[in-house]
Amino acid sequence: MTNYTPRPDRFDQAGQDQLIDAHDLEVTQPGMRSLRTWSHDALALRPGERALDIGSGTGSEVIAFADAVGPTGAAIGVEPDPNLLASAERRATEHDSGARFVSGDAYGLPFGGDAFDAVLCERAFQHLTAPARAAAEIARVLRPGGRAVVVDSDWATAIVHPGDPRVVRAVIDTLISSTTNPHSGRRLSGLLSGAGLVVDEVGSQALVQDRTVGAGALVSRIADLAVLRGTITTADRDQLLADLRAGAERGDIHVSVTLFGVLAHKR
């Protein structure tokens, strides 16, 4: 596997400025909807509770949290990217939502201990070089009895079909080596347990790319990088993309990655 330099040891714009994210798989909305339904069901928010979303992006989950906890509760999103933070605030205003958003990162949540009944952290751990620190922060801000759901990809579960197995393996290895914490999905239970939380349930969902898009942006980009790194040739890349286009035309194509979700609670 190609060696790589880990990204900065902080969850901010620099830490997110990496090649791979589950967002890069095209048209995977059904899988994400299923996983988010599981996450919300697992957290089971009640009116009056306090809920936190770490890495809240454009704020959709926090707005849903605000609806669940009602006016007597609190729903807060933490996001390091100022552009996403501004977008989330605009979105909350448009929805006349009580959701609130603050600047912060997974290594230093701007709250005291025992502050929240529920915490969600989705697709952030893959960007972290020190995920145990983030798990400890989740445990710190949870109240006794509070619940946490952490969701992330495990890029070693990536599947690309059809294609020459040697070339596909080289592309997947490039994908893995281009991610800060590529095996984060399989590590979530251990990280949360190590932070003192009790793991209650582990779920998973394969994000399957729409078969009509062929290779798609993700595989095309990774294949280009594999050429730059010298692990495959230009001819290898071109043949792989052609194989995927042909597979899409005849209905014989599969591009996916599996996300894992862990529900845990604080004693």
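Note that the coordinates shown come from a computational prediction; the quantities given were computed from them, not determined experimentally.
In terms of heavy-atom proximity, Val62 sits nearest to Ser56 at CG2-CB, 3.8 Å. Across Ala148 and Ile138, no two heavy atoms sit closer than the pair CB-CG2, 3.8 Å. Nearest heavy-atom pair across Ser178 and Leu225 is OG-CD2, 3.2 Å. Annotation for Glu201 and Trp38: closest pair OE2-NE1, 3.1 Å, computed over non-hydrogen atoms. Shown here for Leu263 and Val149, the closest heavy-atom pair between the two residues is CD1-CG2, 3.8 Å. What you find for Ala51 and Phe65 is that their closest heavy atoms are CB-CD1, 3.8 Å.
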Give the C-alpha distance, both sets of side-chain angles, the deciding distance and a yes or no for side chain to side chain contact (heavy atoms under 4.5 Å, CB included) between Val119 and Ile54.
CA-CA 7 Å; Val119 174; Ile54 301 170; 3.7 Å; yes
If you apply the rule side-chain hydrogen bond (donor to acceptor under 3.5 Å, both in side chains), what do you find for Thr174 with Arg229, and how did you get there?
CA-CA 9 Å; Thr174 300; Arg229 291 183 176 181; 4.9 Å; no
Check against salt bridge (Lys or Arg N to Asp or Glu O under 4.0 Å), Glu137 and Arg140:
CA-CA 5 Å; Glu137 275 293 274; Arg140 181 183 68 81; 2.7 Å; yes
Criterion side-chain hydrogen bond (donor to acceptor under 3.5 Å, both in side chains) on Ser184 and Arg123, from CA distance to verdict:
CA-CA 9 Å; Ser184 56; Arg123 295 201 306 265; over 6 Å; no
Do Arg50 and Asp117 pass the salt bridge (Lys or Arg N to Asp or Glu O under 4.0 Å) test, and can you show the C-alpha distance, the side-chain angles, and the key distance before you say yes or no?
CA-CA 5 Å; Arg50 290 176 55 84; Asp117 301 287; over 6 Å; no
Take Arg211 and Glu249 through the test salt bridge (Lys or Arg N to Asp or Glu O under 4.0 Å) and record every step on the way to the result.
CA-CA 9 Å; Arg211 294 183 301 166; Glu249 291 171 0; over 6 Å; no
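Within a 6.0 Å radius of CZ in Arg100, no more than 12 heavy atoms belonging to other residues, nucleotides or ligands are found. By the 6.0 Å contact criterion, CZ on Arg186 is enclosed, its count of non-hydrogen atoms from other residues, nucleotides or ligands being greater than 12.
Applying the side-chain contact (heavy atoms from CB on, under 4.5 Å) rule to Ala115 yields the partners Phe111; only residues at least two apart in sequence or on another chain are considered. Every residue meeting the side-chain hydrogen bond (donor to acceptor under 3.5 Å, both in side chains) condition with Asp236, not counting sequence neighbours, appears here in chain and number order: Arg166, Thr233. Partners of Thr37 by side-chain contact (heavy atoms from CB on, under 4.5 Å), not counting sequence neighbours, listed by chain and number: Asp41. Remark: His95 engages no residue in a side-chain hydrogen bond (donor to acceptor under 3.5 Å, both in side chains) (not counting sequence neighbours). Here Ser39 pairs with nothing under the side-chain hydrogen bond (donor to acceptor under 3.5 Å, both in side chains) rule; sequence neighbours left out.
Between the side chain of Tyr107 and the main chain of Ala130, a donor-acceptor pair closer than 3.5 Å is present. Judged purely by atom type and a 3.5 angstrom limit, Ser220 has no side-chain atom pairing as donor or acceptor with the backbone of Ala217.
The structure places CG of Leu85 at 6.5 Å from CD of Glu79, a figure rounded to the nearest 0.5 Å. For the atom pair CH2 (Trp155) and CD1 (Ile176), the distance works out to 10.0 Å, reported to the nearest 0.5 Å. Considering CD1 of Ile222 and CD1 of Ile172, their distance stands at 10.5 Å, rounded to 0.5 Å. We find the CG-SG distance between Asp53 and Cys121 to be 7.5 Å, quoted to the nearest 0.5 Å.
Between Gln126 and Asp152, the side chains place a donor N or O and an acceptor N or O closer than 3.5 Å (distance only, hydrogens not considered). If you check the side chains of Asp200 and His265, you find a donor sitting under 3.5 Å from an acceptor.
Residues in residues 61-73 take part in these side-chain hydrogen bond (donor to acceptor under 3.5 Å, both in side chains) pairs, two or more places apart or across chains: His40-Glu61.
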